[in-house]
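Chain A is the first sequence line, chain B the second, and so forth, proteins listed ahead of strands; every chain is numbered from 1.
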Amino acid sequence: MSKEGITSRSESFADWYTDLVVRAGLADYSPVRGCMVIKPHGYAMWELIQQGLDTMFKETGHVNACFPLMIPKSFFSKEAQHVEGFAKECAVVTHYRLKNDGEGGVTVDPEAKLEEELILRPTSETIIWDTYRNWIQSYRDLPILVNQWANIIRWERRTRLFLRTTEFLWQEGHTAHATYDEAEHEARRMLEVYRRFAEDWLAVPVLTGVKSEGEKFAGADHTYCIEALVQDKRAIQAGTSHHLGQNFAKAFDVKYLSKEGQLEYVYATSWGVSTRLIGTLIMAHSDDKGLICPPRVAPIQVVILPMGRDEETRARTYGAADQLASELKAIAWSGPDLSELEYDVPELMHPLGSRIRVHVDKREKESPGFKFNDWELKGACLRVELGPRDLESSSCVVVRRDRGEKVTVSLSEASAYISEQLNAMQGDLYTAALARQHENTFWVDTWDEFEKIFEGEGGAGFVMAHWDGTQETEDIISEKTKATIRCIPFEPLREGDDQPGTCILTGKPSKQRVAFAKAY
RNA sequence: CGGGGCAUGGCGCAGUUUGGUAGCGCGUCUGGUUUGGGACCAGAAGGCCGCAGGUUCGAAUCCUGCUGCCCCGACCA
């Protein structure tokens, strides 16, 4: 990485990503291995994501709560399936006190050993279902629709900023229902919320579908997911929604008295997205100059750069910049109306009302050229240049981050133009990403071709191919090609995808094509 | 858990082969000139060379041990 700019994507996609995250001031490494500091600029993106999703959760009838970070170890033996998935990556609290080691440091006090060790939550199903047992007696107590915004600890071997860290932020919804069908509806409905959020807010098109047995959450009956494709043609799981069946109700003995007076086990769902969404949108849209951020989740949507050589000129350009900024701040901007896209969500979900997020950059030490590059790196959606030449003609120069073209606009029309361009950029980013997804989705019918497409390093896009439905075949395929089944899509991507065929590897009968890809 | 790399002012690095006053760039601070695509000049501050031993008159440099981080594989959101 040179002192100016970041590693290019063509040189090394992985280095590009890390350079971007660090240099754009989104996050940084911490003193603890695998953990990151989310810096204000990156955290602002997370806050916008939270606001958008939380509104949608409220509109679908959910309420927020917060459960403890530490979970008794004994809870983990209650549900064997679930433990299998996480046991290898749990942090354990064994003591509750330190003492002086006599050499100027501290040491764990062996006298302060916990009677029962505590697990730092890798996910909260166990403690939540232990709690739900007390909340649920009759059918009148159902459904329970609770979400929590929380941090999670998973001791991952290999970590990457935002994509996989030891500690990360997420939300986890945990719902309880009287019937299988109701839980099924909930799991599907929340997946649709995720799809809508990914597409409308993050401008990232996703495949929706069900996970294969091998890829599903260990404690689930079945798992749904949204899968995105990023610029290096790798897939990334951007959100999951699980139908947990009665697994946790049985493990924690959660029963309700039905209308008919019968004691029945409760059905459950859980669903979550994490700070990984930030990594996803970075890899989906950004370029070699830095972050390209969809306006809806951009901490700074418009940056105004007033310029001037001398005090007198600056007084004038600063005045004009402040004036424009206050005009923009008065505009209620919540993003384009994408309702024509017709989502399969019963509840009306409208984006938050908000104001245009604008910043006037009055740093006098930095040259305009430096500021151009700096804001391109940081992902301001629109840059407004306002210098003496512009004031002569009562205009300004507006540059869209994703286009880079300089457009001269009169000051009287600037705020309306900027508002329009934010809408346009939100839509254009989605369209571009969708085109990229289409260009990188392939239909393959022979094993030779399948192996060839996944040859070499890096991703190869989505490959739609037939699969005989067995775990063994899935394992062999991933061993040979590094590609995994990302999902079994709900809807055929192309006509005939949902028709029977023969397995790409074994030649055995296949019910439908599934989406393969190399994944993050 | 295997393989590789790295550890030197705030950041990025050189110096290590062949031991001899700790250097460069960026950033920071001061002053001045600048400002439409990463400005310039002058001056200044800032280091237990990851830790612990050892060899030596003398160690960033050689030897031994340790620790940490990053990257690549197997496992995972």
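Inspection of the A:Thr223 and A:His242 side chains reveals an N or O donor paired with an N or O acceptor under 3.5 Å. No hydrogens or angles considered: nothing links the side chains of A:Arg436 and A:Gln231 as a donor-acceptor pair under 3.5 Å. A donor-acceptor pair shorter than 3.5 Å can be found between the side chains of A:Thr484 and A:Arg486. A:Asp310 and A:Thr313 are linked by a side-chain donor-acceptor pair at a separation below 3.5 angstrom, with hydrogens and angles left out of the test. Judged purely by distance below 3.5 Å, without hydrogens or angles, the side chains of A:Asp232 and A:Tyr520 pair a donor atom with an acceptor atom. Side chains of A:Thr269 and A:Thr175: a donor-acceptor N/O pair is present below 3.5 angstrom, by distance only. When only modelled atom types and interatomic distance are considered, A:Thr94 and A:Glu117 share no side-chain donor-acceptor pair under 3.5 Å.
With sequence neighbours excluded, the residues satisfying salt bridge (charged side-chain N to carboxylate O under 4.0 Å, His left out) with A:Glu312 are A:Arg316. The salt bridge (charged side-chain N to carboxylate O under 4.0 Å, His left out) check on A:Asp28 picks up nothing, with sequence neighbours excluded. For A:Trp155, there are no ring-ring contact (aromatic ring centres under 6.0 Å, His included) partners at least two apart in sequence or on another chain. Contacts of A:Phe490 classified as ring-ring contact (aromatic ring centres under 6.0 Å, His included), with partners at least two apart in sequence or in another chain: A:Tyr224. In this view, A:Arg403 and A:Asp428 satisfy the salt bridge (charged side-chain N to carboxylate O under 4.0 Å, His left out) rule, not counting sequence neighbours. For A:His359, the ring-ring contact (aromatic ring centres under 6.0 Å, His included) partners are A:Trp375, not counting sequence neighbours.
For the P atom pair drawn from B:rG65 and B:rC70, the interatomic distance equals 24 Å after rounding to whole Å. Distance check on atom C1': B:rC24 versus B:rC69 gives 24 Å, rounded to whole Å. A distance of about 41 Å separates the P atoms of B:rU21 and B:rG2, rounded to the whole Å. Rounded to whole Å, the C1' atom of B:rU34 lies 11 Å from the corresponding atom of B:rC41. B:rC49 and B:rA59 are spaced 11 Å apart, taking the C1' atom of each and rounding to whole Å. Atom name C1', nucleotides B:rG15 and B:rA7: the rounded distance is 15 Å, in whole Å. With both ends at atom P, the span from B:rC13 to B:rU8 equals 9 Å, rounded to whole Å. Distance check on atom P: B:rU55 versus B:rU61 gives 15 Å, rounded to whole Å.
Among the heavy atoms of the strands, none lies under 4.0 Å from A:Arg363. Residue A:Val273 is out of contact with every strand shown, counting any heavy-atom pair closer than 4.0 Å. Within the nucleic acid shown, A:Thr165 comes within 4.0 Å of at least one base atom, counting heavy atoms only. Within 4.0 Å of A:Glu385, counting heavy atoms only, lies at least one base atom of the nucleic acid. Contact annotation for A:Gln237: backbone-only contact, meaning every heavy-atom pair under 4.0 Å involves sugar-phosphate atoms and none involves a base. At a threshold of 4.0 angstrom between heavy atoms, the contacts of A:Asp390 include nucleobase atoms, whether or not backbone atoms are also involved.
Here the side chain of A:Tyr29 is nearest to one of B:rG36, B:rU28, B:rC70, namely B:rC70. With B:rC72, B:rU35, B:rU28 as the choices, the nucleotide that has an atom nearest any side-chain atom of A:Ala14 turns out to be B:rC72.
Centroid-to-centroid, the aromatic rings of A:Tyr17 and A:Phe13 stay 6.0 Å apart or farther. In this structure, the ring of A:Trp46 has its center no less than 6.0 angstrom from the ring center of A:Trp170. With ring centers used as reference points, A:Tyr132 lies 6.0 Å or more from A:Phe248. Residues A:Trp271 and A:His62 place their aromatic rings such that the two centres sit under 6.0 Å apart.
Within a heavy-atom distance below 4.0 Å of RNA chain B, no residue of residues 286-295 of chain A is found. Listed by residue number, A:Glu366, A:Ser367, A:Pro368, A:Gly369, A:Phe370, A:Phe372, A:Asn373, A:Asp374, A:Glu376 are the residues of residues 366-379 of chain A with a heavy-atom contact under 4.0 Å to RNA chain B. Within a heavy-atom distance below 4.0 Å of RNA chain B, no residue of residues 64-71 of chain A is found.
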Strictly under 3.5 Å: I want the nitrogen or oxygen pairs between protein and nucleotides 1-11 of chain B, one per line.
none

Are there any protein N/O atoms within less than 3.5 Å of an N/O atom in nucleotides 65-68 of chain B, and if so, which ones and at what distance?
none

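A salt bridge is defined here as a Lys NZ or Arg NE, NH1 or NH2 lying under 4.0 Å from an Asp or Glu carboxylate O, and A:Arg196 with A:Glu199 fails to meet this definition. Using a cutoff of 4.0 Å between basic side-chain nitrogens and carboxylate oxygens, A:Arg9 and A:Asp19 are not scored as salt-bridged.
Residue A:Lys365 contributes atom NZ, which lies 7 Å from atom P of B:rG27 at whole-angstrom precision. Between A:Asp19 atom CG and B:rC70 atom P there is a gap of 15 Å when expressed in whole angstrom units. With rounding to whole Å, A:Met307 atom CE is found 13 Å from B:rG38 atom P. The CZ atom of A:Arg164 sits 12 Å away from the P atom of B:rC72 (whole-angstrom rounding). Atom CG of A:Leu163 is separated from atom P of B:rC71 by 11 Å (rounded to the nearest Å). A straight line from NZ of A:Lys211 to P of B:rC76 spans 12 Å, rounded to a whole angstrom. For A:Arg23 and B:rG12, the CZ to C1' distance is 10 Å, given to the nearest whole Å. Regarding A:Phe217, its CZ atom lies at a distance of 13 Å from the P atom of B:rC76, rounded to whole Å.
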Seminar exercise, completed: Given Watson-Crick and G-U pairs under 3.5 Å, RNA chain B in dot-bracket ([ ] crossing, | other strand) is ((((((((.[[[[.)....(..]]]].((((((.....)))))).....[[[[[..)....]]]]])))))))....
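Looking at which nucleotide of RNA chain B each of A:Leu391 and A:Ile236 is closest to, the 5′-most match is held by A:Leu391.
At least one side-chain nitrogen or oxygen of A:Arg309 sits closer than 4.0 Å to the OP1 or OP2 atom of B:rU35.
We find the CZ-CZ distance between A:Arg309 and A:Arg314 to be 11.0 Å, quoted to the nearest 0.5 Å.
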Exercise. After noting the C-alpha distance and the side-chain angles of A:Arg189 and A:Glu192, does the key distance pass the salt bridge (charged side-chain N to carboxylate O under 4.0 Å, His left out) rule?
Worked result: CA-CA 5 Å; A:Arg189 157 174 101 133; A:Glu192 281 302 312; over 6 Å; no
